[in-house]
Amino acid sequence: MDGDLRHSGLPGGADTERTRPGAEARATGTPRTVGVVWGLLILNTLGSAGAKTIIPLPRSLIQLVTMGALVAAFTLALALNLRLRVRASAFLFLLTLLLVPSVLSSLQLESGLGALFRCARLALFVGTLWLLSRWWDGLTFVRHHIRMYFAVLGSVAAGLVVSPGAALPELYGGRLVGALWPLTPPQIGQYAAVIIGLTVLLVLGRRTDRASAAVVIVPSAVLLALTHTRTATLGLLVGLTLAIGSLVLTSAAARRFFTWAVLCAAVAATVFAGALRAWFLRGQSQENLTSLTGRATVWDALLAAPRTTVETLFGVGLGDKSFGGLPIDNSWLAVYHEQGLTGIALVAAMLLVLGGVALLRPPSLPRACAIFLISYCAIASYTEAGLGDASPYLLHLTVAAALLAAPATATPLPAPEPPRRHVPRWARDRR
């Protein structure tokens with residue numbers, strides 16, 4: 001299987017030390033087109049709102065590209081899986097159930113006809129995930145995830161090189177944005193943090209070499225620093241701590257990395273305390289930081305707004321994750337606003353199911369990657385919306401579900417050596 005192959009190229013690539021380039025897909029029984037479908041799903045979730053690009057892109061054109069990518073992804077997935085063979089998954093079942101409150105609330109048209117369009121998009125998104133579940137095995141989707149998001153970050157780096165002024169605009173306080181494709185700093189920070197964490201875990205699991213991992217980690221870390229995204233940085237650190245902690249009892253490499261990481265963090269916190277504090281504050285006042293850059297004001301207004309019983313249970317319908325014209329920036333409140341308490345219960349059940357299965361699995365690299373993704377999404381849900389609609393966060397959780405769907409196998413212990421029988425010296429001499 002692909003878990004036994006050690007990669008010697010870019011993490012997520014197909015080159016291995018034991019197989020010819022591209023042989024991994026044949027060895028695991030996973031068609032190469034599955035990676036194409038995954039890339040199209042990622043393109044669909046890149047969004048259409050962001051900074052001004054070097055070449056102005058009409059929002060209608062961006063939406064046409066993203067929605068066209070979703071339709072193409074579903075069509076390719078259906079062509080690959082005409083017999084509709086799917087893998088049973090509690091995560092996908094709960095995600096499918098989330099369509100019920102979404103549709104019921106959207107039919108009221110409080111959010112306009114766009115709510116029904118978003119429901120259709122979510123249904124197509126979930127249907128594509130079901131079709132791909134047939135190929136859930138080990139680390140296959142981790143490699144697709146790293147490869148596709150690294151390509152997205154490549155476009156961000158290219159925009160920074162071509163036009164530094166457009167990539168670091170004053171409108172965003174000098175934070176890095178997408179100059180070729182409209183990406184916000186939190187989006188870029190999220191993509192960078194996720195692939196850094198997964199690549200570090202692949203190195204610890206000896207599924208890629210350090211030189212190839214550095215090609216991903218170093219530029220991604222630079223882009224993450226330029227975004228000044230606190231949530232992504234915190235999610236990366238906490239997620240890696242939990243993931244590596246799940247490996248320390250069975251992996252000497254994980255123990256060494258954890259020890260060195262703690263030492264380096266202690267030294268950095270002492271030597272660069274002032275610089276780290278300035279990076280963390282981003283030039284904001286203490287009051288602005290306490291209100292989470294104005295998010296708390298929107299949250300209080302959303303919770304104080306009057307609601308009917310139906311709206312409390314099922315929400316007002318899928319929208320653009322905003323309230324009063326301002327972004328909600330909280331997954332739980334966004335779900336409550338659009339899908340009600342029913343939606344919150346289903347989203348919480350998804351995270352609890354994935355987390356529970358991960359805790360019950362024996363220590364392994366796939367389990368560690370799943371723990372990292374689950375914990376990252378749980379932390380980011382406090383200041384980012386997306387757990388209740390087609391988004392990168394649902395793709396992260398789908399990768400975690402794919403990792404946990406593989407057969408659980410504990411690391412085998414070495415067989416004890418048979419006791420040596422004492423042979424007298426005179427008998428050894430006779431031999």
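With contacts defined as side-chain heavy-atom distances shorter than 4.5 Å, the pair L80/L131 does not qualify. Side-chain contact between L129 and L394: absent, with no pair of heavy atoms (C-beta onward) separated by less than 4.5 Å. Counting heavy atoms from C-beta on, the side chains of W136 and L92 come closer than 4.5 Å. At least one side-chain heavy atom of L373 sits under 4.5 Å from a side-chain heavy atom of L198. Taking the side chain as every heavy atom from C-beta outward, R175 and L168 never approach each other to under 4.5 Å. Contact check for R118 versus D320: side-chain heavy atoms found under the 4.5 Å cut-off. Contact annotation: the side chain of L180 never approaches that of T53 to less than 4.5 Å [non-hydrogen atoms, C-beta and beyond]. Counting only heavy atoms from C-beta outward, the side chains of Q187 and T227 never approach each other to under 4.5 Å.
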Step-by-step side chain to side chain contact (heavy atoms under 4.5 Å, CB included) determination, W38 to T398: CA-CA 11 Å; W38 195 253; T398 301; 3.9 Å; yes
Candidate pair I188 and L226, rule side chain to side chain contact (heavy atoms under 4.5 Å, CB included), full reasoning: CA-CA 10 Å; I188 299 171; L226 291 175; over 6 Å; no
Stepwise side chain to side chain contact (heavy atoms under 4.5 Å, CB included) check, Y393 with Y376: CA-CA 9 Å; Y393 292 104; Y376 181 89; 4.1 Å; yes
From CA spacing to verdict: side chain to side chain contact (heavy atoms under 4.5 Å, CB included), L116, L107: CA-CA 7 Å; L116 294 177; L107 285 174; 3.9 Å; yes
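Looking only at distances, no side-chain donor or acceptor of S212 sits under 3.5 Å from a matching main-chain atom of D209. Judged purely by atom type and a 3.5 angstrom limit, T128 uses its side chain to pair as donor or acceptor with the backbone of L124. Side chain of E338 to main chain of G319: a donor-acceptor pair is present (N/O by atom type, distance under 3.5 Å, no hydrogens or angles). When atom types are taken as modelled, the side chain of S106 and the backbone of V103 share no donor-acceptor pair closer than 3.5 angstrom. Between the side chain of Q339 and the backbone N or O of G388, at least one donor-acceptor pair lies under 3.5 Å. N44 contributes a side-chain N or O that, together with a main-chain N or O of T66, makes up a donor-acceptor pair within less than 3.5 Å.
In terms of heavy atoms, T45 sits closest to F125 at CG2-CE1, 4.0 Å. The minimum heavy-atom distance linking A73 with L41 is given by the pair CB-CD2, 4.0 Å. The shortest heavy-atom contact between V65 and W181 is CG1-CH2, 4.0 Å. Of all heavy-atom pairs spanning L302 and Y336, the tightest one is CD2-CD2, 3.9 Å. A77 and V37 get closest at one heavy-atom pair: N-CG2, 4.0 Å. Shown here for F91 and A401, the closest heavy-atom pair between the two residues is CD2-CB, 3.8 Å.
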Please tabulate, for the side chains in residues 348-358, all donor-acceptor contacts under 3.5 angstrom to protein atoms that are two or more places apart in sequence or on a different chain.
none

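Rounded to the nearest 0.5 Å, atoms CD1 (I371) and OG (S246) are 4.0 Å apart. In this structure, CZ in F74 is found 10.5 Å from CG in L132, a value given to the nearest 0.5 Å. Atom CG of L104 is separated from atom CZ of F314 by 5.5 Å, given to the nearest 0.5 angstrom. Remark: L236 CG to T241 OG1 distance equals 8.5 Å, nearest 0.5 Å. Atom CG of L153 is separated from atom CD1 of I195 by 4.5 Å, given to the nearest 0.5 angstrom. The CD1 atom of I146 sits 9.5 Å away from atom OG of S220, with the distance rounded to the nearest 0.5 Å.
In the displayed structure, I55 atom CD1 is contacted under 6.0 Å by at most 12 heavy atoms of other residues, nucleotides or ligands.
With respect to T383, the side-chain hydrogen bond (donor to acceptor under 3.5 Å, both in side chains) criterion is satisfied by exactly one of T229, N330, T231: T231.
For D389 and K321, the salt-bridge test passes: some basic side-chain N is under 4.0 Å from an acidic carboxylate O.
Aromatic ring pairs are classed by plane angle as parallel below 30°, tilted from 30° to 60° and perpendicular above 60°; the pair Y149 and H145 is perpendicular.
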